[in-house]
Amino acid sequence: MPLGRVRTALSANVELARLSRELVTIVQDVPGVTLDLASCRLREYDREAAASLLEELGMPSLVTRLPTSTATESPLAPDRPSAAPSLMVTSPADLASLVAVLQERGSFTVGVAADGPARKGHLVGLALATGADQSWYCPIASGASDDAQGAPWEEWEPLRQLLATATVGKSSYQLKETILALRGAGVDLEGEGFDCVLAAYLADSRSRTPTLAALSREWEGPPAPDREAYLGKGIATRQPSSLTTEEARDLFGGEAACAAAIRGNLERRLAELGAEGLLRDLELPVLEILADMEALGVRLDAEQLRAISATLTVQIAELEVEMFRLAGRAFSPGSTSQLAALLYDELGLKSSRRTKTGRSTDAQALESLREEHPIVPLLLEWRQVTKLKSTYVDALPELVDGDDGRVHTNFNQAVAATGRLSSSDPNLQNIPIRTELGRRIRASFIPGRNDWVLVSADYSQIELRVLAHLSGDQRLATAFAKGDDVHADTAAQVFAVSQDQVSAEQRRMAKVVNFGILYGLSSYGLSRDLGIGTDVAEDFIRRYFATYDGVQGYLESVREEARRQGYVSTILGRRRYLTDINSSNRQVREASERMAINMPIQGSAADIMKLGMIRTAQALRASGSAARMLLQVHDELVFETPPEEVESLAELAAEGMAAAIELVVPLVVDLKSGPNWRDLSPLRRAVA
DNA sequence: TGTATCACG
DNA sequence: ACGTACGTGATACAT
């Protein structure tokens with residue numbers, strides 16, 4: 001058994017502390033090697049022996065990832081390239097030969113030196129690289145300032161053309177930001193792309209947008225330049241334009257060299273995982289769409305929000321006056337410690353839940369005290385109103401770009417462990433909708449032109465459909481195939497009544513159960529959410545699994561797979577590693593089991609949405625439509641369009657999304673349109 | 001900087 | 001006898 005031999009060879013020389021079992025998994029599941037071995041307090045081990053065994057096992061690329069020494073102190077292993085890469089400052093006079101070299105290479109790595117954020121940044125220089133020891137820095141004289149460094153942008157025209165040449169591939173540490181920065185300078189980056197962060201994310205989704213330095217350490221590149229050493233941090237941060245050309249060369253040229261150097265190792269790892277297609281055909285096309293969405297932004301009615309803010313200020317003040325009167329004194333309602341003291345000590349209310357540090361005052365705890373004291377409902381209202389005011393009503397208008405009157409979010413593609421996108425600065429994926437005040441905030445998202453409309457397309461019940469597909473459960477699949485109300489179907493089964501006898505309350509409870517399944521439910525969690533006893537909750541779960549026995553079998557098989565492989569996968573083969581799945585700590589292990597259950601469901605839904613985005617964007621391009629994709633909110637896409645194109649957009653989005661993938665159950669997309677993100681009227685429902 | 005809370009899917 | 005739902009990001013407060 002070759003694996004046994006590897007284990008023996010390694011553990012004979014390594015102090016592993018009860019890790020021999022995991023080590024087998026690690027060797028099977030290549031990415032953990034560096035990380036996990038490194039965390040095992042290596043004393044010494046026989047690198048030669050391990051390397052030859054890995055060769056024998058047909059995993060030669062792993063050899064480069066074996067820890068190179070027993071050293072715990074130096075980040076620089078002896079056989080790692082430690083000399084500074086040879087960096088050149090280039091001038092337009094050298095351009096012809098440089099362009100020829102890069103063209104001949106077929107692809108190269110690009111880094112951008114710019115003052116300010118990617119989208120609005122002012123270009124200071126470009127770094128190009130083809131490997132650890134070959135990089136160039138092109139200083140660009142700013143048109144706006146009288147800075148004498150570098151040549152004016154016009155003189156770099158051959159470079160602009162090279163960047164726009166589709167037959168030459170372009171690689172970057174963060175390609176989306178590079179695209180946006182270059183677009184701001186009038187450059188259309190073309191050519192097959194590669195992104196180090198995305199590649200590392202597909203190799204291991206725990207990586208969460210690592211720094212270039214971390215990437216280069218993990219993927220055996222040269223040490224990355226220390227950004228802070230050049231540009232400082234915090235309020236002392238300097239702009240790249242304040243660097244000398246030599247400093248900029250060392251920083252940006254060194255970064256590009258680093259990114260270029262690790263590409264081969266990342267590609268080899270993706271090839272081993274069979275994930276090249278995920279990068280090339282899924283994530284990189286999505287990256288381009290996200291760049292367009294970020295650059296375009298979404299229009300916000302800031303005046304509307306400012307008007308709402310003024311009324312909320314009054315409302316909050318009134319609530320505070322009344323709460324202080326009821327408390328008999330003033331206090332800070334935003335301070336959980338003051339609040340706990342007031343409610344549980346002074347007013348004698350019974351605390352129900354605990355936090356790590358004390359007695360909880362969260363909405364659920366307060367809700368259970370609603371009838372106990374008149375101050376409680378006021379507090380709940382104060383919480384809600386201040387939350388919405390500070391997070392959305394007051395924050396969003398400040399983020400409207402003066403140039404276009406629109407808000408530009410960042411869509412993060414390498415953050416969520418499941419493969420979902422996230423949105424930040426501002427987060428436009430958590431705009432309120434559940435309360436009336438929340439919906440007023442949502443109504444301030446409007447089309448870019450007054451005569452245009454918003455169109456929303458959302459997958460109906462996508463995660464439950466994915467569950468039906470992955471589990472092959474007959475009953476669940478049949479319910480979707482027939483177009484039944486699945487929560488009502490669940491209620492009918494769990495409560496043993498006929499479908500038309502299901503009460504609204506029974507359906508609500510069944511819906512909670514269905515969501516619980518997606519999260520890896522427990523009777524405790526279910527009882528807490530439904531406000532029922534754990535015995536009743538257990539009974540619900542028993543009846544659920546008796547009905548949906550395919551789901552039960554599937555959930556157990558996922559747990560087993562996770563234990564055996566150390567990872568779980570989505571429908572497209574995206575992985576999530578779960579290092580704690582075999583933990584001896586029950587709590588830790590069960591947390592991993594819930595992640596194991598949820599990830600293939602949430603992650604497959606994310607995969608499908610990404611396919612839907614690509615297909616829809618492609619169809620919009622091909623049709624010459626004026627409509628534009630604005631936002632993605634996990635199962636929903638939001639567009640803006642001239643009204644005469646609403647129908648064709650709805651058709652394209654419906655087809656693009658519903659036919660993104662073929663499951664054993666139909667995919668259903670609901671389309672709506674309207675003057676803002678709140679007031680959307682149904683257009684049609686697409687089934688595929 | 002960490003904790004609690006709460007906005008969304 | 002335990003004692004938690006999955007995935008995110010922003011804000012206010014306490015330290």
Side-chain angles (χ1 to χ4, degrees), chain A residues 205 208 331-340 353-367 379-380 382-396 399 409-435 437-439 441-442 458-464 467 512-530 534 537 541 568 576 578 585-603 605-606 609 631-637 677:
Chain A
S205 61
R208 282 190 65 111
F331 62 98
S332 300
S335 162
T336 48
S337 56
Q338 283 191 38
L339 209 52
R353 299 152 46 78
R354 295 195 55 79
T355 66
K356 204 180 293 183
T357 55
R359 298 161 295 182
S360 174
T361 66
D362 71 9
Q364 207 181 334
L366 293 184
E367 206 55 62
L379 265 173
L380 281 162
W382 184 93
R383 275 260 179 86
Q384 194 220 14
V385 174
T386 53
K387 176 88 175 184
L388 295 184
K389 182 171 186 287
S390 65
T391 308
Y392 306 99
V393 178
D394 291 340
L396 288 174
L399 297 167
T409 186
N410 297 314
F411 285 107
N412 312 299
Q413 204 175 352
V415 166
T418 56
R420 271 191 179 182
L421 302 180
S422 81
S423 161
S424 61
D425 309 298
N427 182 351
L428 296 186
Q429 289 181 322
N430 73 344
I431 299 303
I433 191 172
R434 292 173 189 172
T435 65
L437 172 59
R439 285 189 288 273
I441 294 167
R442 187 163 278 236
D458 73 283
Y459 282 114
S460 165
Q461 312 262 33
I462 187 162
E463 292 194 349
L464 279 176
L467 175 64
V512 174
V513 173
N514 277 330
F515 276 112
I517 295 289
L518 303 176
Y519 298 154
L521 88 179
S522 66
S523 56
Y524 184 88
L526 189 63
S527 71
R528 195 167 52 72
D529 263 31
L530 283 175
T534 50
I541 294 171
V568 290
R576 176 176 188 177
L578 296 162
N585 180 328
R586 192 180 59 94
Q587 213 174 315
V588 170
R589 183 179 65 248
E590 287 181 348
S592 286
E593 289 178 359
R594 291 192 295 274
M595 296 176 206
I597 285 169
N598 179 253
M599 189 272 177
I601 300 169
Q602 187 183 116
M609 173 54 102
L631 298 173
Q632 189 253 42
V633 193
H634 310 307
D635 63 0
E636 175 187 19
L637 292 178
W677 202 7

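Proteins come first, then strands; the chains are lettered A, B, ... in the order of their sequence lines, and each starts at number 1.
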Under 4.0 Å, heavy atoms only, any strand: does [X] hit a base, just the sugar-phosphate, or nothing?
X: A:Gln587; value: sugar-phosphate
X: A:Arg586; value: base
X: A:Gly334; value: sugar-phosphate
X: A:Leu388; value: sugar-phosphate
X: A:Arg353; value: nothing
X: A:Leu518; value: nothing
X: A:Val512; value: base
X: A:Ala363; value: sugar-phosphate
X: A:Arg354; value: nothing

Heavy atoms of chain A, cut-off under 4.0 Å: which first and last nucleotide of DNA chain B, 5' to 3', fall inside that, if you could look?
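Extent of the interface on DNA chain B: B:dT3 to B:dG9.
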Contacting residues from residues 412-428 of chain A, given that a heavy atom lies under 4.0 angstrom of DNA chain B
A:Arg420
Going by heavy atoms closer than 4.0 Å, what residues in residues 355-362 of chain A are next to DNA chain B?
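Close to the strand are A:Thr355, A:Lys356, A:Thr357, A:Ser360, A:Thr361, A:Asp362.
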Is there a donor-acceptor pair under 3.5 Å between the side chain of [X] and the backbone N or O of [Y]?
X: A:Arg442; Y: A:Ile431; value: yes
X: A:Arg354; Y: A:Arg359; value: no
X: A:Asp362; Y: A:Gln364; value: yes
X: A:Thr409; Y: A:Phe411; value: no
X: A:Ser335; Y: A:Gln338; value: yes

Runs of at least three Watson-Crick or G-U pairs with DNA chain C, cut-off 3.5 Å:
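Stem segments, range with range: B:1-9 with C:6-14.
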Test side-chain contact (heavy atoms from CB on, under 4.5 Å) applied to [X] - qualifying residues, sequence neighbours left out:
X: A:Leu637; value: A:Met609, A:Met613, A:Met629, A:Gln632, A:Phe639, A:Met657
X: A:Glu367; value: A:Arg370, A:Leu380
X: A:Thr336; value: A:Thr361, A:Arg383
X: A:Thr435; value: A:Gln384, A:Leu388, A:Leu437

Judged by each residue's nearest nucleotide on DNA chain C, which is more toward the 5′ side, A:Ser335 or A:Arg208?
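Nearer the 5' end of the strand: A:Arg208.
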Under the rule for salt bridge (charged side-chain N to carboxylate O under 4.0 Å, His left out), what residues qualify as partners of A:Asp635, not counting sequence neighbours?
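Salt bridge (charged side-chain N to carboxylate O under 4.0 Å, His left out) list for A:Asp635, sorted by chain: empty.
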Who passes salt bridge (charged side-chain N to carboxylate O under 4.0 Å, His left out) against A:Arg208, sequence neighbours left out?
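For A:Arg208, no residue satisfies salt bridge (charged side-chain N to carboxylate O under 4.0 Å, His left out) once neighbours in sequence are set aside.
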Verify whether one side chain among A:Asn598 and A:Thr418 offers a donor that lies under 3.5 Å from an acceptor in the other.
no
What distance do A:Leu396 atom CG and A:Ile441 atom CD1 have between them, rounded to the nearest 0.5 Å?
8.0 Å
First locate atom CG of A:Leu428, then atom CG of A:Asn410, and finally report the distance between them rounded to the nearest 0.5 Å.
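Reported to 0.5 Å precision, the distance equals 9.5 Å.
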Intermediate values then yes/no, side chain to side chain contact (heavy atoms under 4.5 Å, CB included), A:Val633 and A:Trp677
CA-CA 12 Å; A:Val633 193; A:Trp677 202 7; 3.9 Å; yes
Is the shortest heavy-atom distance from the side chain of A:Tyr459 to the side chain of A:His634 under 4.5 Å?
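A side-chain contact is absent here, since even the closest heavy-atom pair is not under 4.5 Å.
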Walking along DNA chain C from 5' to 3', note the first and the last nucleotide with an atom under 4.0 Å from a heavy atom of chain A, and give both.
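With heavy atoms of chain A under 4.0 Å away, the range is C:dC2 to C:dA14.
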Whole-angstrom distance between C:dC2 and B:dA7, as gauged at atom P
32 Å
Separation between the P atoms of B:dC6 and C:dA5, rounded to whole Å
14 Å
Quick one: list whatever passes ring-ring contact (aromatic ring centres under 6.0 Å, His included) with A:Tyr524, sequence neighbours left out.
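A:Tyr524: no ring-ring contact (aromatic ring centres under 6.0 Å, His included) contacts found.
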